[in-house]
Peer 1: 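Questions regarding the structure given below will be posed in turn.
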Amino acid sequence: MLAPLVCRQPAAPGGPVSATPPAPPAPPAPARTALRICPLCEATCGLTLTIEGTRVTGARGDRDDVFSRGFICPKGAAFGELDADPDRLTTPLVRGADGELHEAGWDEAFDAVAAGLRPLVERYGPQALGVVLGNPNVHTMAGALYPPVLLQTLRTRNLFTASTLDQMPKHVSSGLLFGDPLAIAVPDLDRTDHLLLLGANPLESNGSLCTAPDFPGRLKALRARGGTLVVVDPRRTRTARLADRHLAIRPGTDALLLAALAHVLLAEKLTAPGRLEEHTDKLAELAAALAPFTPEAAAGACDVPAEEIRTLARQLAAARTAAVYGRIGSCTVAHGTLANWLVDVLNVLTGNLDRPGGVLFPLPAAGPRPRPAGPGRGFALGRWHSRVSGHPEAKSELPAAALAEEIDTPGEGRIRALVAIAANPVLSAPDGHRLDAALAGLDFMVSVDPYLNETSRHAHVVLPPPPPAQSAHHDFAFNAFAIRNQVRYTRPAVPLADGLMDECEIHARLILAASGLHGADPRSVDDLVIATTLGKAVADPASPVHGRDPHALAALLTGENGPERRLDLMLRLGPYGDGFGTDPDGLTLDRLLAAPHGIDLGPLTPRLPGILRTTTGRIDLLPAPIAADLPRLRAALTPDPAAFLLVGRRHLRSNNSWLHNVPALTGGTNRCTLQIHPDDAAPLGITDGTRVRVTADGGSVEAPAELTDTLRPGVVSLPHGWGHDRPGTRLSVAAADPGANVNQLLDGTRMDPLSGTAVLNGFPVTLLPLPAAAPLTPA
Ligand SMILES: Nc1nc2c(c(=O)[nH]1)N[C@H]1C(S)=C(S)[C@@H](COP(=O)(O)OP(=O)(O)OC[C@H]3O[C@@H](n4cnc5c(=O)[nH]c(N)nc54)[C@H](O)[C@@H]3O)O[C@H]1N2
Ligand SMILES: Nc1nc2c(c(=O)[nH]1)N[C@H]1C(S)=C(S)[C@@H](COP(=O)(O)OP(=O)(O)OC[C@H]3O[C@@H](n4cnc5c(=O)[nH]c(N)nc54)[C@H](O)[C@@H]3O)O[C@H]1N2
Ligand code: SF4
Ligand SMILES: [Mo]
């Protein structure tokens, strides 16, 4: 167990504590404002921060932001409090000979990383090193720019990310259908006439794989313009309450519902793929494969009447334009890949893929230029397998649910050292107890994390990034999923505090320390990437810089530092870029800096067939791995009259595992309760507040009951990201109301086999009400 950290004086803002007598208090610095794109969810709202001295004292929506137009939610409004959280680490921590973590300088910390990692890699080879990348990597520039370089240098196949607790089924489905796992079509929210939304609750989450500031307002606008919103969710969520129709489906059965919808379209000749037909293979084979999934066959398992399924399909077909969109509730389930495949099958069959009002592929400014149509390299699954359970890789990743066994199972190839960046898998992945113990047994672990939490407490070195106000921001990830093409960049709103290091530099130094180049200039990492990218570009006949001198091009890049030069490079080579002078009106970093509220690049436009990278250059409507998984779906037609099924939920003022430490965002309805329908609670003698022991294959947790008729009977709900009751963390607010870790109910074996995504929704649990006096067992 870790001893608490040595207490210390908080660093004085702006500089180290001086030994001379304190000067008379300076007059308060006049307040100023600065812009910052919010990194707290996928909506990427523009914020206007109020800054006094170096402190953020307020945050409001930036009304001039080209995309978010002033929208803000309570999390964004709490930006200042989050930024100033006194529990944030302000120096690196290094584990000393006494086994405890001590504050250290940066040089000492990176020395310790090099000394910890290199001998293990040299002795046991690259596979002895595991890399875990958590969700906030998609919300930082560092997380976009450096992990690919880290992985390339390390050459380990032991990569685990939050994607296999989230959207990997979508990547796999897109990879198989379109040949590119990143080709994800997003619903054209502002223009569609009909939105069929499954397993998503944007009124709490603000949307996912569909970046849309003010998602709630856009749904209301859809209704107001006469459009139709259908929500499929076992809970009557705030989103469902906005809908024209809400289907309280049995958890885990969306793939059956979607297959039945496709079946109706095919059987009743309601398909109208239009121009997609010439780009699509295997339409006829699809009909045969879906033949068993009649509405009558699916109705029982889904608990949705067959007639309702038919009506839904007919309405979808009849809509002038329509978009089918599925998220977490369609991904983290047993048939996640099939459900996501069927989402796009429906979009193809109705002709809505790649058309305005349907679902469209964004064209982000810092992404690659569109390529001419033609065959691509295709997408393969299972190019290697995990060591212990033989799980196939998907998109070069192994299932996060298999991380613990890859560490704690002896044998050659065992993971002995871990690099964890912005990841808290002890809470976010199945079976935290096992992972907790596995991490404690590692030879070496380094965490890049601002908090000492359930996962980072095991690290030998913790490298803390600065608070968000001190970091620059551009959304490399989310612009690729945004419902409008636009580009924004914000420089740090306040200068980097003394003693802190920019997260980009942390990543660059980490790469050098892990790859045997410890001590080299961190700028060399950016220079290398720039040289490599330009080297490829000048050799590519399709590039606007084909044939030019890469050194001369590199000298043209602007920007104050490596990450800015890399952003400039990507923008200039990107679809709207100046091509280093080829298009003098094109985008550059300088042009972007001159537009502090961003540049609107217009609505999404059709991108087929150029976006297709399958080996045929066409959409493969029935890819072989999908066809091979259909018998498993067929078996699910026979409903399992299981006990209770558990589903998750999100709260607007929470964010996965790490926002429970901000007082403004805690309390009220944001609690870790077991929601249960009153009709289910009554026979068990459960009333509001009754403590209930919930048990499933991975173990038991306890939580107070909250009776609500928003759940369909037979379904209970616990949120994730709770369970802040482990010793050795520094999360004083979160620890006061720790909640229970729902993922302790899972042992990691329930998985969508094609994508390796953990089943986090729709698994069976049993419930036991506890007498009022029974002591709570720690979760
Ligand atoms: N049961 C259940 N489990 C789930 C889910 C569910 O719906 N149900 N959802 C899953 C999903 S969708 C996801 S994405 C995962 C998320 O789970 P994780 O990937 O573990 O991500 P988070 O919990 O968001 O945060 C991880 C860490 O990032 C750190 N962090 C915050 N900001 C920064 C930063 O700027 N830089 C760095 N380096 N670190 C930072 C935080 O302190 C925290 O320790 O959880 C999954 N787990
Ligand atoms: N406030 C807040 N915002 C967040 C996050 C957060 O933790 N808090 N996390 C961020 C992250 S990492 C992500 S990935 C996104 C996720 O964004 P969303 O996908 O919108 O996530 P949820 O709000 O969890 O909504 C999932 C819904 O699926 C339902 N569901 C569960 N099982 C099933 C099922 O079998 N079928 C169907 N049809 N529905 C089912 C649940 O009841 C729930 O309402 O949110 C992001 N935004
Ligand atoms: S909706 Fe998301 S991006 Fe916008 S303010 Fe809230 S947390 Fe930030
Ligand atoms: Mo996520």
Side-chain angles (χ1 to χ4, degrees), residues 37-47 59 61 68 71-77 79 132-140 142-143 161-163 165-167 198-209 213-215 231-235 237 239-240 247 249-254 257 326-333 339 400 420-430 447-451 453-456 463-468 471 503 506-507 645 647-659 711 715 717-721 741-743 745-746 758 760-762:
I37 302 164
C38 180
L40 298 177
C41 86
E42 299 183 30
T44 71
C45 301
L47 303 181
S68 63
F71 182 78
I72 190 171
C73 86
K75 285 196 297 298
F79 187 98
V132 183
L133 303 175
N135 169 271
N137 282 303
V138 284
H139 296 276
T140 64
T161 85
S163 296
L165 306 166
D166 188 346
Q167 83 290 355
L198 307 104
N201 186 12
L203 265 77
E204 304 285 355
S205 70
N206 287 314
S208 182
L209 292 190
D214 194 13
F215 207 127
V231 171
V232 180
D233 196 308
R235 302 186 304 123
T237 58
T239 308
L247 299 185
I249 193 170
R250 176 176 285 126
T253 63
D254 294 62
L257 173 72
R327 262 319 266 126
I328 284 291
S330 75
C331 283
T332 54
V333 288
I421 306 179
N424 193 7
V426 169
L427 294 190
S428 51
S447 272
V448 182
D449 205 291
Y451 285 104
N453 62 16
E454 297 77 13
T455 297
S456 61
L463 304 168
S471 307
E503 187 164 2
I506 296 177
H507 281 233
L645 295 176
V647 298
R649 65 177 190 269
R650 281 174 160 78
H651 191 284
L652 185 57
R653 283 184 294 113
S654 194
N655 189 24
N656 297 327
S657 76
W658 71 281
L659 281 195
L711 285 170
V715 174
S717 168
L718 263 180
H720 71 285
N741 176 11
V742 63
N743 289 326
L745 295 171
L746 295 159
L760 305 171
N761 277 289

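Atoms within a ligand are numbered from 1 in the order they appear, just like the ligands themselves.
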Peer 1: Answer yes or no: is there a side-chain heavy-atom contact under 4.5 Å between C45 and I72?
Peer 2: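 C45 vs I72: side chains apart.
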Peer 1: Check if S330 has a non-hydrogen atom at a distance under 4.0 Å from any atom of ligand 2.
Peer 2: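 False for this residue.
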Peer 1: Do any nitrogen or oxygen atoms of V232 come within less than 3.5 Å of a nitrogen or oxygen of ligand 2?
Peer 2: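 Between V232 and ligand 2 (N or O atoms, distance only) the closest approach is under 3.5 Å.
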Peer 1: What are the atoms of ligand 3, with element, lying closer than 4.0 Å to any heavy atom of K75?
Peer 2: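 Reading through ligand 3 atom by atom, the close ones are 7 (S).
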Peer 1: Looking only at protein heavy atoms, identify the closest one to atom 44 (O) of ligand 2 and say how far it is in Å.
Peer 2: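 Looking only at protein heavy atoms, the one closest to atom 44 (O) of ligand 2 is D233 OD2, 2.6 Å.
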Peer 1: With heavy atoms under 4.0 Å as the rule, classify the contact between T140 and ligand 1 as side chain, backbone, both or neither.
Peer 2: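 Just the side chain.
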Peer 1: Between ligand 2 and S205, is the shortest N or O to N or O distance under 3.5 Å?
Peer 2: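 Yes; at least one N/O pair falls below 3.5 Å.
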Peer 1: Please determine if atom 6 (Fe) of ligand 3 has an N/O/S atom from C73 lying under 2.8 Å away.
Peer 2: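 So C73 counts as coordinating atom 6 (Fe) of ligand 3, yes.
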Peer 1: How close does the nearest protein non-hydrogen atom get to atom 32 (N) of ligand 1, and which residue and atom is it?
Peer 2: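 Scanning the protein heavy atoms, the shortest distance from atom 32 (N) of ligand 1 goes to W658 CH2, 3.6 Å.
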Peer 1: So is S654 touching ligand 2 or not, going by heavy atoms under 4.0 Å?
Peer 2: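 Distance cut 4.0 Å: S654 passes for ligand 2.
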Peer 1: Considering only protein heavy atoms, which is closest to atom 34 (C) of ligand 2, and at what distance to one decimal place?
Peer 2: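 The closest heavy atom on the protein side is G329 O, 3.2 Å.
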Peer 1: State whether the shortest distance between N or O atoms of N424 and N or O atoms of ligand 1 falls below 3.5 angstrom.
Peer 2: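 The answer is yes, given that N424 and ligand 1 share an N or O pair closer than 3.5 Å.
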Peer 1: Which residue and non-hydrogen atom of the protein lie closest to atom 35 (O) of ligand 2, and at what distance in Å?
Peer 2: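 The closest one turns out to be G252 N, 2.6 Å.
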Peer 1: Hey, mind stepping through K75 and N655 against side chain to side chain contact (heavy atoms under 4.5 Å, CB included) and telling me if it holds?
Peer 2: CA-CA 9 Å; K75 285 196 297 298; N655 189 24; 4.3 Å; yes
Peer 1: For ligand 3, does N655 get within less than 4.0 Å through its side chain, its backbone, both, or neither, judged by non-hydrogen atoms?
Peer 2: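 Answer for N655: neither.
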Peer 1: Flag the pair R235 / V647 as yes when at least one side-chain heavy-atom distance between them is below 4.5 Å, and no otherwise.
Peer 2: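 Sidechains of V647 and R235: in contact.
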Peer 1: Contact between P450 and ligand 1, counting heavy atoms under 4.0 Å?
Peer 2: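 In this structure, P450 qualifies as a contact of ligand 1 - some heavy atom is under 4.0 Å.
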Peer 1: Identify the closest protein heavy atom to atom 16 (C) of ligand 2: which residue and atom is it, and at what distance?
Peer 2: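 Atom 16 (C) of ligand 2 sits closest to the protein heavy atom I328 CG1, 3.5 Å.
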Peer 1: Given that the side chain starts at C-beta and the backbone is N, CA, C, O, which of these parts of L165 lies under 4.0 Å from ligand 1, counting heavy atoms, or is it both or neither?
Peer 2: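 The answer is both, backbone and side chain.
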Peer 1: Could you say whether the N/O atoms of I249 and ligand 2 ever approach to under 3.5 Å?
Peer 2: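 No, there is no polar N/O contact under 3.5 Å.
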Peer 1: D254 versus ligand 2: do any nitrogen or oxygen atoms come within less than 3.5 Å of each other?
Peer 2: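 Checking ligand 2 against D254, an N or O pair does fall under 3.5 Å apart.
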Peer 1: Got the closest protein heavy atom to atom 2 (Fe) of ligand 3, with its distance?
Peer 2: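 Of the protein heavy atoms, C41 SG, 2.2 Å lies nearest.
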Peer 1: Check this for me - ligand 2, R235, N or O atoms closer than 3.5 angstrom, yes or no?
Peer 2: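 Among all N and O atoms of R235, at least one is under 3.5 Å from an N or O of ligand 2.
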Peer 1: Among all protein heavy atoms, pick out the one at the shortest distance from atom 8 (Fe) of ligand 3; state its residue, atom name and that distance to 0.1 Å.
Peer 2: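 It is C38 SG, 2.3 Å.
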Peer 1: Going by an N to O cut-off under 4.0 Å, is there a salt bridge joining D233 and R649?
Peer 2: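 Salt bridge between D233 and R649, a charged N being under 4.0 Å from a carboxylate O: no.
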Peer 1: Using non-hydrogen atoms of the residue, decide whether N206 is closer than 4.0 angstrom to ligand 2.
Peer 2: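 No.
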Peer 1: Give yes or no for whether the N/O distance cutoff of 3.5 Å, strictly under, is met between V742 and ligand 1.
Peer 2: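 No; every N/O pair is 3.5 Å or more apart.
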Peer 1: Can you pull out the closest protein heavy atom to atom 1 (S) of ligand 3? Residue, atom name and distance to 0.1 Å, please.
Peer 2: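 Of every protein heavy atom, N206 ND2, 3.0 Å lies nearest to atom 1 (S) of ligand 3.
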Peer 1: Starting from atom 19 (O) of ligand 1, which protein heavy atom do you reach first, and at what distance in Å?
Peer 2: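 Nearest protein contact, heavy atoms only, for atom 19 (O) of ligand 1 is N135 N, 2.8 Å.
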Peer 1: Does any N, O or S atom in C45 come within less than 2.8 Å of atom 2 (Fe) of ligand 3?
Peer 2: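 No - counting backbone and side chain alike, C45 has no N, O or S atom under 2.8 Å.
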Peer 1: Among all protein heavy atoms in this structure, tell me which lies nearest to atom 1 (N) of ligand 1, with the distance rounded to 0.1 Å.
Peer 2: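 Nearest neighbour among protein heavy atoms for atom 1 (N) of ligand 1, to 0.1 Å: N743 OD1, 2.7 Å.
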Peer 1: What part of V647 sits under 4.0 Å from ligand 2 if we count only heavy atoms: the side chain, the backbone, both or neither?
Peer 2: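 It is the side chain that gets close, since no backbone atom is under 4.0 Å.
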Peer 1: Please report which non-hydrogen protein atom sits nearest to atom 40 (C) of ligand 2, along with the residue it belongs to and the distance in Å to one decimal place.
Peer 2: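 Minimum-distance protein heavy atom for atom 40 (C) of ligand 2 reads P234 CD, 3.3 Å.
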Peer 1: Any nitrogen or oxygen of T237 lying under 3.5 Å from a nitrogen or oxygen in ligand 2? Just yes or no.
Peer 2: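 Such a contact does not occur with ligand 2.
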Peer 1: Nearest protein heavy-atom contact for atom 12 (S) of ligand 2: which residue, which atom, what distance?
Peer 2: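 The answer is N656 ND2, 3.1 Å.
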Peer 1: Based purely on interatomic distance, does E503 place a nitrogen or oxygen under 3.5 Å from a nitrogen or oxygen of ligand 1?
Peer 2: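 Yes; the residue has a nitrogen or oxygen that sits under 3.5 Å from a nitrogen or oxygen of the ligand.
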Peer 1: Just to be sure I read this right, does ligand 1 sit under 4.0 Å from the backbone of P136, its side chain, both, or neither, counting only heavy atoms?
Peer 2: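 It is the side chain that touches ligand 1; the backbone stays farther off.
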Peer 1: Which residue and atom name correspond to the protein heavy atom nearest atom 31 (C) of ligand 2, and how close is it?
Peer 2: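 Result for atom 31 (C) of ligand 2: N761 OD1, 3.3 Å.
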Peer 1: Have a look at S428, P430, S471 and point out the one with the heavy atom closest to atom 47 (N) of ligand 1.
Peer 2: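 The option holding the nearest heavy atom is S428.
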Peer 1: Checking contacts here: is it the side chain or the backbone of D166 that comes within 4.0 Å of ligand 2, counting heavy atoms only? Could be both or neither.
Peer 2: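 Looking at D166 and ligand 2, just side chain atoms fall under 4.0 Å.
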Peer 1: For atom 43 (C) of ligand 1, find the nearest protein heavy atom and state the residue, atom name and distance (0.1 Å precision).
Peer 2: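 The closest heavy atom on the protein side is D449 OD2, 3.4 Å.
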Peer 1: Can you report which non-hydrogen protein atom sits closest to atom 25 (O) of ligand 2, along with the distance?
Peer 2: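 Of the protein heavy atoms, N201 N, 3.4 Å lies nearest.
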Peer 1: If you measure every N/O of S657 against every N/O of ligand 1, is any gap under 3.5 Å?
Peer 2: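 Between S657 and ligand 1 (N or O atoms, distance only) the closest approach is under 3.5 Å.
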Peer 1: Heavy-atom distance to atom 9 (N) of ligand 2: which of R650, H139, K75 wins?
Peer 2: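 Selected option, by shortest heavy-atom distance: R650.
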Peer 1: Would you mind checking which non-hydrogen protein atom is closest to atom 4 (C) of ligand 1, with the distance to 0.1 Å?
Peer 2: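 That would be H720 CD2, 3.4 Å.
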Peer 1: Got the closest protein heavy atom to atom 26 (C) of ligand 1, with its distance?
Peer 2: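 Going by distance alone, atom 26 (C) of ligand 1 is nearest to A422 O, 3.3 Å.
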